[in-house]
Peer 1: 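Just passing along the structure, written as structure tokens.
Just so you know, ligand 1 is whichever comes first in the structure, and atom 1 is the first atom listed for that ligand.
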Amino acid sequence: MIRPRDLVFVLVVAFHVSMVCSAAVFVERPFHDEPFYPSDLDGANSTKYRDLTAGFKWNKTLLSYSIINFPTGVPPNLIRTTIRRAFDAWSRYTNLNFVESLSAMVDIQLAFEGVNHYRRGLPCRFSQEITLAHAFFPEDGDIHFNKKYFFTEGASIEQFLNTAVHEIGHSLGLLHSSSRKSIMYGAQLQELFSEPQPEDIQAIQEIYGIRSAPQTTTQPPPRAITTPKPRTTTELCSLSSFDTIVTDHRGNVCVLAGRFYYNLNETNPPPRKISAKWPGLPPNVDAAFTYRDQKTYFFKGDQYWKYDKLRMEENYPRSIAVSFPGVPQDMDTILLSPTAGFHAFRGTQYWFYDTRKLKPVERHFPKLIRELGGFPARLDAALLLGERRYIFSDLRYYEVDDETRIVGESGDVRRDWFNCV
Ligand SMILES: [Zn+2]
Ligand SMILES: [Zn+2]
């Protein structure tokens, strides 16, 4: 999961009064190595900021939040669980509880946005393209992450968690700290704290008190004002295996199992017929991917199908052996390479096909999957999502680096991808 970047982000404290984001005050976390002065921005200055933010706090202890959209490049539920961790990191120490809601009528809206965006119907923007995120003080609290950085430019989940904990700090009323030992330091440092540090804990407790009751944030409290945290309890959660995972032309992550698919970008996705989405496609496909040309390819037995969006191209299915000589039939899955080509997996073996050469698979294939660093013995599915590659085996998933080695620990597919209880 981790792709650390060897960058050190020097502090930049940028406070300003927003002239574009309704009347609220927000703080940005710039991704910048030069000081970045408030006078550049919307006519604000730090003195004004200090006056305005004095004593900003929520006058209630149960706050609802909603994730308005999800970025490309990571499983939606990894975002959901990471944001949950970030809220839990604060409520562990102070008398605040957070509940996720599906409704947009929440205290804190979180969203992934481009430089110019809207917030609750009003224009909002990052002052610079390189801004990581910004957040509004109480009792507003909204948080916007720069979707360019999270995750198309390869930020790690640890960097995202660090920024989420920081921004939530602002949403709760904390200002920047000048200490590099604080999560509220104004820029991302090499040391990525994943929770409030001693001075942050003291600061939040000065506003909301020391946590007195056991933490109840993992379940909505009985008096929850919003709908409970959405959880999937459909057939998806009872699947013991699936055929493959593929993104469609719009980037929806679809799990294919037998005759059905589930769109993981929906909440509680129902089983839908594969043949209704991709007319002419048979059930029980072996492998699938959407290539850089946005065409979607499906493989089954000794044939493959090619779709332009949701329409099958002419003269398909075709023969795998003819179009991709040396690639086996009855594959378990295909993993696209970050450059050109793909790995095909079957049983305990794999083959590599180079799409630049369009020549038969080289003679030294097949090789043994166990020779690939850290791979499970057999694969069920594989997915290129944004810039990241994942493989799936026995309802566990693994991230694969550019050298086709496993990075980090495996994760639970049902928890992080299917959002099951
Ligand atoms: Zn900040
Ligand atoms: Zn914004």
Peer 1: Please determine whether side-chain contact (heavy atoms from CB on, under 4.5 Å) holds for the pair M312 and W278, giving the CA-CA distance in whole Å, both sets of side-chain angles, and the decisive distance to 0.1 Å.
Peer 2: CA-CA 7 Å; M312 195 198 298; W278 293 283; over 6 Å; no
Peer 1: Could you walk me through whether E129 and K148 pass side-chain contact (heavy atoms from CB on, under 4.5 Å), step by step?
Peer 2: CA-CA 8 Å; E129 286 205 4; K148 181 162 178 266; 4.1 Å; yes
Peer 1: Exactly one of I204, L175, D200, V165 should register a side chain to side chain contact (heavy atoms under 4.5 Å, CB included) with M184. Which one does?
Peer 2: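 Answer after filtering I204, L175, D200, V165: D200.
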Peer 1: Rounded to 10 degrees, what angle sits at the Zn ion (ligand 1) between H166 NE2 and H170 NE2?
Peer 2: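 The two atoms subtend 100° at the Zn ion (ligand 1).
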Peer 1: Where the Zn ion (ligand 2) is the centre, what is the ND1-to-NE2 angle for H144 and H117, rounded to 10°?
Peer 2: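 Angle ND1(H144)-the Zn ion (ligand 2)-NE2(H117): 100°, rounded to 10°.
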Peer 1: Would you say D380 and D394 make side-chain contact, with heavy atoms under 4.5 Å?
Peer 2: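 Sidechains of D394 and D380: in contact.
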Peer 1: Would you say the Zn ion (ligand 1) has H134 as a near neighbour, meaning an N/O/S atom of that residue under 2.8 Å away?
Peer 2: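 Of the N, O and S atoms in H134, none lies under 2.8 Å from the Zn ion (ligand 1), which means no.
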